[in-house]
Amino acid sequence: MNVLGLTALDIAAALWFAFCWLGYTFFSEWNGRRTPSLLARMDHYRREWMKRTITRDNRIVDTAIVQNLFQGNNFLASTSILVLGGLAALLGASTQAVNVVAALPLTHASSERGFEIKILLMIVIFV
């Protein structure tokens, strides 16, 4: 069976990935109702910190902390852009990439179209 350049093994792997992704989503929502998540706890501490910041005279340290928090977000965004750029470049050179992957041990041959679909799926996930 070969649908859009994907083998039965490729389709089974995509279905397993989707099952795991959705299963983890449902599990984390279910578990989040019983136990406060890290995000909820951080939100609580952040609100307490902001309330205390209002009463302080010297807010230089608080400003430095906020700046560092924004830099962490910028690092994540720039890393994601680099990953997306690499995937787009790989999509442009899919013929060579398929040949390189086919030469690796313990891999199964994939069509160029199937390889492009897999790269597009990874782009969608990272976006």
Side-chain angles (χ1 to χ4, degrees):
M1 181 171 114
N2 196 346
V3 179
L4 295 174
L6 299 173
T7 64
L9 184 60
D10 292 331
I11 294 170
L15 290 174
W16 176 250
F17 176 77
F19 172 76
C20 290
W21 189 345
L22 292 174
Y24 179 75
T25 301
F26 288 126
F27 170 75
S28 63
E29 287 177 6
W30 171 78
N31 194 34
R33 288 186 211 120
R34 298 180 332 159
T35 310
S37 67
L38 178 62
L39 185 61
R41 288 184 185 198
M42 287 301 297
D43 186 53
H44 170 73
Y45 288 126
R46 200 174 294 124
R47 287 178 190 275
E48 290 297 318
W49 171 59
M50 287 180 199
K51 288 176 187 175
R52 292 180 185 156
T53 301
I54 294 171
T55 62
R56 286 186 222 162
D57 291 333
N58 186 0
R59 296 186 186 119
I60 294 173
V61 174
D62 297 317
T63 306
I65 290 171
V66 170
Q67 184 178 10
N68 285 333
L69 290 172
F70 282 125
Q71 286 176 355
N73 292 339
N74 290 339
F75 174 74
L76 176 64
S78 64
T79 304
S80 297
I81 289 172
L82 289 174
V83 168
L84 287 171
L87 288 171
L90 187 61
L91 193 59
S94 59
T95 304
Q96 294 89 351
V98 167
N99 294 333
V100 168
V101 172
L104 294 173
L106 301 175
T107 60
H108 90 276
S110 178
S111 69
E112 188 174 340
R113 180 175 226 171
F115 188 79
E116 289 172 350
I117 290 172
K118 293 172 190 176
I119 297 300
L120 286 173
L121 178 64
M122 290 177 61
I123 289 173
V124 168
I125 290 169
F126 277 101
V127 166

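None of these values were measured; they are calculated from a predicted model. The residues of the chain are indexed from 1 along the displayed sequence.
- Transitive grouping of hydrophobic side chains (ILVMFWY, heavy atoms separated by less than 4.5 Å) brings Leu87 and Val101 into a common cluster.
- Atom CG of Asn99 and atom CG of Leu104 lie 11.0 Å apart (nearest 0.5 Å).
- Across all their heavy atoms, Ser111 and Val98 have their closest contact at O-CG2, 4.3 Å.
- Residues meeting the salt bridge (charged side-chain N to carboxylate O under 4.0 Å, His left out) test with Glu48, sequence neighbours left out: Lys51.
- If you look at Phe17 and Trp21, their ring centroids are closer than 6.0 Å.
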Could you pull out all donor-acceptor pairs under 3.5 Å where a side-chain atom in residues 118-127 meets a protein atom, sequence neighbours excluded?
residue : atom : partner : partner atom : Å
Lys118  : NZ   : Asp10   : OD1          : 3.1

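- Looking at residues two or more places apart in sequence or on another chain, you find no side chain to side chain donor-acceptor pair (under 3.5 Å) involving Arg33.
- The structure places CZ of Phe26 at 15.0 Å from CG of Asn31, a figure rounded to the nearest 0.5 Å.
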